[in-house]
Amino acid sequence: MPEGIEVEYYRRGAEASIDRSITSLMADDLYYLKGQTSPSLLQKALIGKELIRARRIGKLLLLDVDGGDILGLRFGMTGRIIVDGSAPIEYLEYSSERNNPAWDRFIINFNDGGSMRVRDPRRLGGVELNPNLSRLGFDLYTITMQELSQVLSSSSRPVKSRLMDQSEVAGLGNLLTDEILWRASVDPRRPADSLDEKETYILYEHFKKTISELTSLGGSHMGILQDHRTRGGLCPRHGIPLERYKVGGRTTYSCPEHQKG
DNA sequence: CTCGACTCCTGTTAGC
DNA sequence: TGCTAACAGGAGTCGA
């Protein structure tokens, strides 16, 4: 599913839509419009305008409009962005291999005949004009050691829950979080504030390395753990069955050998 | 503050 | 073989 890494790819893809005049919209799926966003507000903000910048905070893609508005796109679990018919990410975990235009929930048409569309089979994403950004935590690409330390030391919740809390760290999803904790040899259930300075540093190093590595490899699904995150899956390091359980309601896999305590 | 339980959604898959 | 029920997870809400 799209996590921060995929959305960063989407952002790069969306840059192809910069500086092109918007002539029309398709925003028929009202369920997909979040907050106060309505088709008429979108028309007013976008028609005759241009997108001037593509930004990203965590899993939220932000497109600045030349009238001062900001178009926020969320992709949920199965959403992708398609600019002029091509998608920055073709393969998406848990999404359909098929590519059905009926799943287009939002379309921007440009005066040159091209388009930018959000294709989302399960409709867990959404479009929001001028989204509230104040609740987003440190972005996964720019978080510092001090910031991570602050996030972890200020709560006794499970370390995994803390890392996935978008108001603390923005951009980590379930798969990336399992991958990072697996690499760092940390039990996802451990209280966040139980990690000492050295453990936090090790976690931070694996965090940064995982993000940069999977960004160059092409997505969250390229992680070492990913293929083994299934019932009966084996730890790629020890060859023993991974544990499967819930943390904060999310399916979690970890190795009982090197991620204990 | 923190937790679980619930909601939304729908394509895929496990299991009878 | 064919059906149904559970599952996947991002994000929000709600009550304990």
Side-chain angles (χ1 to χ4, degrees), chain A residues 1-11 28-37 56-62 72-81 89-106 118-128 131-137 139-140 150-181 188-194 219-221 223 225-233 242 244-254:
Chain A
M1 78 293 324
E3 302 188 27
I5 292 176
E6 280 74 17
V7 179
E8 171 59 18
Y9 272 80
Y10 293 177
R11 188 196 67 75
D28 299 336
D29 187 349
L30 298 185
Y31 173 77
Y32 215 70
L33 307 184
K34 306 301 180 184
Q36 304 304 309
T37 311
R56 181 197 55 76
I57 303 177
K59 303 170 191 171
L60 177 64
L61 180 60
L62 298 168
L73 301 181
R74 294 181 184 282
F75 300 93
M77 178 179 177
T78 57
R80 8 169 151 229
I81 197 164
I89 298 266
E90 289 291 348
Y91 173 81
L92 208 53
E93 202 77 14
Y94 300 118
S95 192
S96 174
E97 300 282 330
R98 305 209 317 272
N99 230 346
N100 190 343
W103 297 328
D104 286 347
R105 311 300 177 190
F106 179 69
V118 177
R119 187 165 291 177
D120 183 0
R122 296 188 205 178
R123 298 168 81 210
L124 286 169
V127 174
E128 186 172 8
N132 178 9
L133 307 179
S134 67
R135 290 213 181 114
L136 288 171
D139 184 76
L140 80 171
Q150 174 189 323
V151 165
L152 297 184
S153 63
S154 54
S155 169
S156 60
R157 294 177 64 195
V159 58
K160 173 168 177 177
S161 302
R162 205 66 180 153
L163 291 174
M164 284 188 66
D165 185 336
Q166 300 300 302
S167 67
E168 298 292 337
V169 180
L172 291 184
N174 203 26
L175 304 189
L176 270 180
T177 307
D178 273 8
E179 176 80 22
I180 291 167
L181 292 171
R189 295 161 289 198
R190 275 186 63 182
D193 60 5
S194 75
S220 306
H221 63 284
L225 184 63
Q226 182 53 49
D227 289 346
H228 308 272
R229 270 184 97 267
T230 59
R231 290 170 203 267
L242 294 166
R244 180 184 189 271
Y245 49 90
K246 301 269 185 186
V247 174
R250 296 287 163 231
T251 303
T252 302
Y253 289 87
S254 67

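Labels below follow one simple rule: chain letters A, B, ... track the order of the sequence lines, proteins then strands, and each chain is numbered from 1.
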Answer with base, sugar-phosphate or nothing: what part of the nucleic acid does Arg244(A) contact at a heavy-atom distance below 4.0 Å?
sugar-phosphate

Interatomic distance, Leu61(A) CG vs dA11(C) P [rounded to whole Å]:
13 Å

Separation of Tyr245(A) atom OH from dC3(B) atom C1', in whole Å?
18 Å

Please determine which of Val118(A), Leu62(A), Val7(A) meets the side-chain contact (heavy atoms from CB on, under 4.5 Å) test together with Leu73(A).
Val118(A)

Mapping Arg231(A) and Ser156(A) onto DNA chain B by nearest heavy atom, which one lands closer to the 5' end?
Ser156(A)

Choosing from dA11(C), dC9(B), dG11(B), which nucleotide comes nearest the side chain of Arg250(A)?
dA11(C)

Ser154(A) or Arg123(A): which one's nearest nucleotide on DNA chain B is closer to the 5' end?
Ser154(A)

Between C1' on dG10(C) and CD on Glu168(A), what's the gap in Å once rounded to a whole number?
17 Å

From the list dA8(C), dG11(B), dC3(B), which nucleotide is the closest neighbour of the side chain of Lys246(A)?
dA8(C)

Can you check whether Ser155(A) has a side-chain N or O nearer than 4.0 Å to OP1 or OP2 of dT2(B)?
yes

For the pair made of CH2 in Trp103(A) and C1' in dT12(B), what is the distance, rounded to whole Å?
11 Å

May I have the distance from Asn100(A) (atom CG) to dT12(B) (atom C1'), rounded to whole angstrom?
15 Å

How close or far is atom C1' of dG4(B) from atom NZ of Lys160(A), stated in whole angstroms?
16 Å

Taking atom types as modelled, is there a side-chain donor on Ser254(A) or Tyr245(A) under 3.5 Å from an acceptor on the other?
yes

Base, sugar-phosphate alone, or nothing: which one does Pro158(A) contact when heavy atoms must sit under 4.0 Å apart?
sugar-phosphate

Using distance alone, with no hydrogens and no angle criterion, decide if Ser220(A) and Glu179(A) have a side-chain donor and acceptor under 3.5 Å apart.
no

Does a side chain donor of either Ser161(A) or Arg250(A) reach within less than 3.5 Å of an acceptor in the other side chain?
no

Earlier contact from the 5' end, DNA chain C, for Arg135(A) and Glu3(A):
Glu3(A)

So what does Gly249(A) touch, heavy atoms closer than 4.0 Å: a base, only the sugar-phosphate, or nothing?
nothing

Of all the choices, dT2(B), dG10(C), dA8(C), which nucleotide is nearest to the side chain of Arg162(A) once you look at every atom?
dT2(B)

From CG of Leu33(A) across to P of dC9(B) the rounded distance in Å is 14 Å

Nearest whole angstrom, please: distance from the P of dC3(B) to the CG of Asp165(A).
10 Å

Among dA11(C), dA8(C), dT2(B), which nucleotide sits nearest the side chain of Met77(A)?
dA8(C)

Using a heavy-atom cut-off of under 4.0 Å over every strand shown, decide if Thr251(A) touches base, sugar-phosphate, or nothing.
sugar-phosphate

Go through the N and O atoms of the side chain of Arg74(A) and the base of dA11(C), and report whether any donor-acceptor pair is under 3.5 Å.
no

Donor-acceptor pair, distance only, cut-off 3.5 Å: does the side chain of Lys34(A) make one with the backbone of Tyr31(A)?
yes

